[in-house]
Asker: 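First, the structure itself, so that you have it in front of you.
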Amino acid sequence: DQQVKQNSPSLSVQEGRISILNCDYTNSMFDYFLWYKKYPAEGPTFLISISSIKDKNEDGRFTVFLNKSAKHLSLHIVPSQPGDSAVYFCAASGNSKLTFGKGITLSVRP
Amino acid sequence: NAGVMQNPRHLVRRRGQEARLRCSPMKGHSHVYWYRQLPEEGLKFMVYLQKENIIDESGMPKERFSAEFPKEGPSILRIQQVVRGDSAAYFCASSYGLPGYNEQFFGPGTRLTVL
(Lines give C-alpha, C1' and ligand atoms only; values in the text may rest on other atoms or scores of the structure.)
Protein backbone atom coordinates (compact mmCIF):
# COMPACT_ATOMS: atom_id res chain seq x y z
CA ASP A 1 0.00 0.00 0.00
CA GLN A 2 1.86 3.02 -1.30
CA GLN A 3 0.66 6.07 0.59
CA VAL A 4 2.95 8.53 -1.19
CA LYS A 5 3.19 8.20 -4.94
CA GLN A 6 5.56 9.77 -7.41
CA ASN A 7 4.21 8.33 -10.60
CA SER A 8 6.80 9.67 -13.01
CA PRO A 9 10.15 7.97 -12.54
CA SER A 10 12.08 10.60 -14.47
CA LEU A 11 11.94 14.11 -15.90
CA SER A 12 14.25 15.88 -18.33
CA VAL A 13 14.21 19.66 -18.78
CA GLN A 14 16.33 22.27 -20.48
CA GLU A 15 18.51 24.53 -18.36
CA GLY A 16 16.70 27.76 -17.52
CA ARG A 17 13.23 26.25 -17.90
CA ILE A 18 10.83 25.23 -15.15
CA SER A 19 10.92 21.77 -13.58
CA ILE A 20 7.64 20.53 -12.09
CA LEU A 21 7.80 17.44 -9.92
CA ASN A 22 4.52 15.91 -8.78
CA CYS A 23 3.52 13.87 -5.78
CA ASP A 24 0.20 12.35 -4.67
CA TYR A 25 -0.75 10.94 -1.29
CA THR A 26 -3.65 8.90 -0.01
CA ASN A 27 -3.56 9.35 3.76
CA SER A 28 -5.53 12.42 4.85
CA MET A 29 -3.85 12.26 8.27
CA PHE A 30 -0.57 13.52 6.84
CA ASP A 31 -0.08 17.07 8.03
CA TYR A 32 3.39 18.06 6.89
CA PHE A 33 5.12 17.49 3.59
CA LEU A 34 8.76 17.68 2.62
CA TRP A 35 10.93 17.43 -0.46
CA TYR A 36 14.38 15.89 -0.30
CA LYS A 37 17.08 15.86 -2.94
CA LYS A 38 19.50 12.98 -3.25
CA TYR A 39 22.75 12.56 -5.15
CA PRO A 40 24.21 9.09 -5.76
CA ALA A 41 26.04 7.60 -2.79
CA GLU A 42 24.83 10.38 -0.49
CA GLY A 43 22.01 10.73 1.99
CA PRO A 44 18.90 12.76 1.18
CA THR A 45 19.19 16.50 1.74
CA PHE A 46 16.22 18.50 2.96
CA LEU A 47 15.02 20.98 0.36
CA ILE A 48 11.71 22.55 1.32
CA SER A 49 8.60 21.75 3.31
CA ILE A 50 4.99 22.80 3.68
CA SER A 51 2.44 22.49 6.44
CA SER A 52 -1.03 21.25 5.61
CA ILE A 53 -2.48 24.58 6.69
CA LYS A 54 -0.73 26.31 3.80
CA ASP A 55 -1.03 25.94 0.06
CA LYS A 56 2.28 27.43 -1.00
CA ASN A 57 5.78 27.83 0.32
CA GLU A 58 8.61 29.50 -1.53
CA ASP A 59 12.36 29.46 -0.97
CA GLY A 60 14.48 31.00 -3.69
CA ARG A 61 14.15 28.99 -6.88
CA PHE A 62 12.04 26.34 -5.14
CA THR A 63 8.30 26.54 -4.55
CA VAL A 64 6.08 23.81 -3.18
CA PHE A 65 2.33 23.85 -3.80
CA LEU A 66 -0.16 21.80 -1.82
CA ASN A 67 -3.70 20.97 -2.93
CA LYS A 68 -5.27 19.23 0.03
CA SER A 69 -8.58 18.47 -1.64
CA ALA A 70 -6.75 16.64 -4.43
CA LYS A 71 -4.13 15.20 -2.05
CA HIS A 72 -1.49 16.48 -4.42
CA LEU A 73 1.67 18.49 -4.06
CA SER A 74 4.22 19.69 -6.52
CA LEU A 75 7.71 21.13 -6.46
CA HIS A 76 8.58 23.87 -8.94
CA ILE A 77 12.19 24.72 -9.69
CA VAL A 78 12.68 27.94 -11.63
CA PRO A 79 15.04 28.40 -13.35
CA SER A 80 16.39 24.86 -13.51
CA GLN A 81 20.16 24.45 -13.38
CA PRO A 82 22.38 21.47 -14.29
CA GLY A 83 23.33 21.14 -10.62
CA ASP A 84 19.69 20.39 -9.85
CA SER A 85 20.09 17.01 -11.56
CA ALA A 86 19.39 14.48 -8.82
CA VAL A 87 16.69 12.21 -7.43
CA TYR A 88 13.88 14.09 -5.68
CA PHE A 89 11.85 12.41 -2.98
CA CYS A 90 8.50 13.60 -1.76
CA ALA A 91 7.82 12.73 1.90
CA ALA A 92 4.80 13.05 4.13
CA SER A 93 4.86 13.25 7.89
CA GLY A 94 2.44 11.54 10.22
CA ASN A 95 2.66 9.53 13.46
CA SER A 96 6.33 10.29 14.09
CA LYS A 97 7.66 8.97 10.80
CA LEU A 98 8.22 10.08 7.25
CA THR A 99 6.65 8.15 4.40
CA PHE A 100 8.61 8.54 1.18
CA GLY A 101 7.68 8.22 -2.44
CA LYS A 102 9.91 6.26 -4.79
CA GLY A 103 11.57 9.37 -6.15
CA ILE A 104 11.86 11.16 -9.46
CA THR A 105 15.14 11.44 -11.33
CA LEU A 106 15.50 14.98 -12.66
CA SER A 107 17.96 15.66 -15.47
CA VAL A 108 18.64 19.25 -16.42
CA ARG A 109 20.23 19.53 -19.85
CA PRO A 110 22.74 22.35 -20.42
CA ASN B 1 28.87 21.59 13.16
CA ALA B 2 29.17 18.06 11.91
CA GLY B 3 26.18 16.48 10.26
CA VAL B 4 24.78 13.03 10.87
CA MET B 5 27.60 10.49 10.82
CA GLN B 6 27.20 6.89 9.79
CA ASN B 7 29.74 4.13 9.74
CA PRO B 8 30.79 2.07 8.09
CA ARG B 9 29.87 3.52 4.69
CA HIS B 10 30.11 0.10 3.10
CA LEU B 11 29.70 -3.25 4.81
CA VAL B 12 30.01 -6.70 3.28
CA ARG B 13 28.75 -9.72 5.14
CA ARG B 14 28.23 -13.37 4.34
CA ARG B 15 24.89 -15.00 4.92
CA GLY B 16 24.39 -15.82 8.57
CA GLN B 17 26.78 -13.17 9.91
CA GLU B 18 25.81 -10.15 11.96
CA ALA B 19 25.78 -6.58 10.69
CA ARG B 20 26.15 -3.58 12.99
CA LEU B 21 25.43 -0.13 11.63
CA ARG B 22 26.26 2.98 13.64
CA CYS B 23 24.77 6.43 13.59
CA SER B 24 25.84 9.56 15.44
CA PRO B 25 23.14 12.24 15.26
CA MET B 26 23.79 15.91 14.75
CA LYS B 27 24.90 17.77 17.83
CA GLY B 28 21.91 18.68 19.95
CA HIS B 29 19.59 16.20 18.26
CA SER B 30 18.00 13.59 20.49
CA HIS B 31 15.66 11.97 17.96
CA VAL B 32 17.03 9.29 15.64
CA TYR B 33 15.35 7.45 12.80
CA TRP B 34 16.47 4.53 10.64
CA TYR B 35 15.33 4.01 7.06
CA ARG B 36 16.09 1.33 4.50
CA GLN B 37 16.26 1.85 0.76
CA LEU B 38 16.04 -1.13 -1.53
CA PRO B 39 17.12 -0.77 -5.18
CA GLU B 40 14.64 1.27 -7.24
CA GLU B 41 12.58 2.02 -4.14
CA GLY B 42 12.04 4.97 -1.86
CA LEU B 43 13.19 5.06 1.71
CA LYS B 44 11.15 2.93 4.07
CA PHE B 45 10.83 3.85 7.73
CA MET B 46 12.14 1.25 10.14
CA VAL B 47 12.40 2.68 13.65
CA TYR B 48 12.30 5.92 15.65
CA LEU B 49 14.29 6.26 18.86
CA GLN B 50 15.00 8.83 21.50
CA LYS B 51 17.75 8.43 24.04
CA GLU B 52 17.38 4.98 25.62
CA ASN B 53 13.87 4.55 24.26
CA ILE B 54 12.31 3.00 21.19
CA ILE B 55 9.34 5.16 20.29
CA ASP B 56 8.10 3.49 17.11
CA GLU B 57 9.46 0.30 15.58
CA SER B 58 6.50 -0.41 13.35
CA GLY B 59 8.66 -0.57 10.22
CA MET B 60 11.22 -2.97 11.57
CA PRO B 61 11.05 -6.69 10.74
CA LYS B 62 10.04 -8.64 13.81
CA GLU B 63 12.97 -11.03 13.65
CA ARG B 64 16.72 -10.53 13.38
CA PHE B 65 16.55 -6.72 13.48
CA SER B 66 17.07 -4.58 16.57
CA ALA B 67 17.96 -0.97 17.31
CA GLU B 68 19.18 0.96 20.28
CA PHE B 69 20.14 4.50 21.16
CA PRO B 70 22.03 4.39 24.46
CA LYS B 71 22.52 7.28 26.81
CA GLU B 72 26.11 7.55 25.67
CA GLY B 73 27.34 6.74 22.19
CA PRO B 74 25.83 6.26 18.78
CA SER B 75 22.62 4.60 17.77
CA ILE B 76 23.12 1.03 16.58
CA LEU B 77 21.05 -0.93 14.07
CA ARG B 78 21.83 -4.61 14.38
CA ILE B 79 20.90 -7.27 11.88
CA GLN B 80 21.52 -10.82 13.00
CA GLN B 81 21.95 -13.79 10.65
CA VAL B 82 21.85 -11.61 7.54
CA VAL B 83 20.27 -12.89 4.34
CA ARG B 84 20.71 -11.67 0.77
CA GLY B 85 17.43 -9.76 0.97
CA ASP B 86 18.96 -7.52 3.65
CA SER B 87 21.26 -5.99 1.02
CA ALA B 88 20.25 -2.35 0.86
CA ALA B 89 21.26 1.17 1.80
CA TYR B 90 20.46 1.99 5.42
CA PHE B 91 20.05 5.65 6.26
CA CYS B 92 19.97 7.24 9.65
CA ALA B 93 18.37 10.63 10.27
CA SER B 94 18.13 12.89 13.28
CA SER B 95 15.99 15.80 14.34
CA TYR B 96 16.11 18.37 17.09
CA GLY B 97 12.54 18.12 18.25
CA LEU B 98 9.47 16.04 17.79
CA PRO B 99 8.98 14.59 14.32
CA GLY B 100 6.35 16.12 12.14
CA TYR B 101 7.38 19.75 12.19
CA ASN B 102 11.12 19.32 12.49
CA GLU B 103 13.17 18.46 9.47
CA GLN B 104 15.05 15.22 9.62
CA PHE B 105 18.69 15.45 8.59
CA PHE B 106 20.12 12.38 6.96
CA GLY B 107 23.49 10.74 7.13
CA PRO B 108 25.32 9.43 4.04
CA GLY B 109 24.06 5.89 4.57
CA THR B 110 25.61 2.46 5.01
CA ARG B 111 25.49 0.21 2.01
CA LEU B 112 25.16 -3.38 3.15
CA THR B 113 25.98 -6.17 0.76
CA VAL B 114 25.23 -9.74 1.76
CA LEU B 115 27.13 -12.36 -0.20
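Chain letters run A, B, ... following the sequence lines, proteins first, then strands; residues in each count from 1. Small disclaimer: the values here were computed from a predicted structure and weren't measured.
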Asker: At a heavy-atom distance under 4.5 Å, which candidate from A:Gly103, A:Ala41, A:Gly101 has the highest pair count against chain B?
Answerer: A:Ala41

Asker: Counting heavy-atom pairs under 4.5 Å to chain A, which of B:Gln6, B:Glu41, B:Gln37 comes out on top?
Answerer: B:Glu41

Asker: Counting neighbours of NZ on A:Lys54 that are heavy atoms of other residues, nucleotides or ligands and sit closer than 6.0 Å, is the number greater than 12?
Answerer: no

Asker: Would you give the length of the straight line joining atom OG of A:Ser93 to atom CD of B:Glu103, rounded to the nearest 0.5 angstrom?
Answerer: 10.5 Å

Asker: I want to check something: taking the side chain as every heavy atom from C-beta on, are A:Phe46 and B:Phe106 in contact at a cut-off of under 4.5 Å?
Answerer: no

Asker: Can you establish whether the number of heavy atoms outside B:Arg15 located under 6.0 Å from its atom CZ is more than 12?
Answerer: no

Asker: Counting heavy atoms not belonging to A:Arg17, are there more than 12 under 6.0 Å from its CZ?
Answerer: no

Asker: Is the number of heavy atoms from other residues, nucleotides or ligands under 6.0 Å of B:Gln81 CD greater than 12?
Answerer: no

Asker: Pick one of side chain, backbone, both or neither for A:Phe30, based on which atoms fall under 4.5 Å of a heavy atom in chain B.
Answerer: neither

Asker: Any heavy-atom pair between the side chains of B:Phe91 and A:Lys38 that's under 4.5 Å?
Answerer: yes

Asker: Using a 6.0 Å cut-off, check whether atom NZ of A:Lys5 has over 12 heavy atoms from anything other than its own residue.
Answerer: no

Asker: Could you check if a side-chain atom of A:Leu98 sits within less than 4.5 angstrom of a side-chain atom of B:Tyr35, using non-hydrogen atoms only?
Answerer: yes

Asker: Which value, rounded to the nearest 0.5 Å, describes the distance between A:Leu34 atom CG and B:Gln104 atom CD?
Answerer: 8.0 Å

Asker: Hydrophobic clustering (ILVMFWY, side-chain heavy atoms < 4.5 Å, transitive) - are B:Tyr33 and A:Phe89 grouped together?
Answerer: yes

